[in-house]
Protein chains: 2
Amino acid sequence: MKIEEVAREFDLTKDTLRYWERIGLLPPIRRNTSGYRDYTEHDMNWVYYIQVLRKAGMSIESLIEFVKLFRDGAQTREARKSLLADQRTQLAQQEAEIHKTLKYLDYKIEHWDDHMLGYETERLAYEGKD
Amino acid sequence: MKIEEVAREFDLTKDTLRYWERIGLLPPIRRNTSGYRDYTEHDMNWVYYIQVLRKAGMSIESLIEFVKLFRDGAQTREARKSLLADQRTQLAQQEAEIHKTLKYLDYKIEHWDDHMLGYETERLAYEGKD
DNA sequence: CTAAACCTTGGTGTGAGCTCCAAGGCAAAC
DNA sequence: GTTTGCCTTGGAGCTCACACCAAGGTTTAG
């Protein structure tokens, strides 16, 4: 598949696809005889994966590391699987962070009149358990 | 409180505090007779709020709008309260996005052997209900 | 066969979000 | 009262994550 089609399929620009490949966010894409990128289904899978994880706020740095390890290092089934689990853990931490902030906002809305009381009070609401 | 102390308290740089104020992410801070910023407890509260929401991934743009409305426009209790609720909604959407992605990763780990099957299959796992 | 419509690389531009620096004023310590 | 250190503003510099452009090769449509 040509870059144009991939871009359309995932609603990305061609520039972004080339950029992602350049910085290692995507594996090097195979070229046809004229030097044009030819995306396989497998490549598309990567594009999709990156796109989804980026949308969820995963850092580019982590994703590059993931792609790198996944391709070069972890050759075994289990190693690769555990890399996925690592990604999941990272994301779960982000979710926890957001959840904490939601609790904080709930507190703020609830105890709305105390908004000006002081951030120490608020910090308790933020750090506090559910 | 002086800028240095505030910076230390929240583990931010002085430059960041000034930057945030400049772009409207913080209200204008009162100055003492020598023109130095003098942060009140109320200001600290704002700093804390901004920091927490930023850490959770809330966009600066949204936060600037929030600070602006909160200070200038919405003078009534209820209006201000509903602004907070809006912030909460935005954050809840981010949480939902992450949650969807977690489900996707769970699927990927579970059906790990099909990793190369094709992204359409994966898209179903991502878009699908819990 | 030529023109339009692709593709390539390399380089430059852009906006966000800081970060650092210079020049100069105030303040606390000796 | 001067040195040291903190503060101010204005502006320049920097990194990230693209977006855009130019020059040149290829493929396709007429």
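The sequence lines fix the lettering, A, B, ..., with proteins before strands; numbering per chain opens at 1. This structure is a prediction, so every number in the text was calculated from the model and none was measured.
Following rounding to the nearest Å, M1(B) (CE) and dC7(D) (C1') show an atom-to-atom distance of 16 Å. Atoms CD1 (I3(A)) and C1' (dT9(C)) sit 12 Å apart, rounded to a whole Å. Atom CG of D38(A) is separated from atom C1' of dT8(C) by 15 Å (rounded to the nearest Å). Taking atom CG on L63(B) and atom P on dA16(C), their separation rounds to 15 Å, with Å as the unit.
Residues satisfying the salt bridge (Lys or Arg N to Asp or Glu O under 4.0 Å) criterion with D86(B), sequence neighbours excluded, are absent altogether. Take E4(B) and apply the salt bridge (Lys or Arg N to Asp or Glu O under 4.0 Å) test, not counting sequence neighbours, and it matches K14(B). For R30(B), the salt bridge (Lys or Arg N to Asp or Glu O under 4.0 Å) partners at least two apart in sequence or on another chain are D38(B). Under the rule for a side chain to side chain donor-acceptor pair (under 3.5 Å), D15(A) has no partner lying at least two apart in sequence or in another chain.
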Contact letters for nucleotides 23-30 of chain C, in which S counts primed atoms plus P, OP1 and OP2 and B counts the base, heavy atoms under 4.0 Å: --BBS---
Under 4.0 Å protein heavy-atom contacts per nucleotide of nucleotides 9-22 of chain D, with B for base, S for backbone only and - for none: B-------BBSB--
Check against side-chain contact (heavy atoms from CB on, under 4.5 Å), D43(A) and V6(A): CA-CA 10 Å; D43(A) 295 329; V6(A) 179; over 6 Å; no
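With rounding to the nearest 0.5 Å, the separation of CD1 in I29(A) from CZ in R31(A) is 8.5 Å.
None of Y49(A), Y19(A), W46(A) except one satisfies the side-chain contact (heavy atoms from CB on, under 4.5 Å) rule with L26(A); the exception is W46(A).
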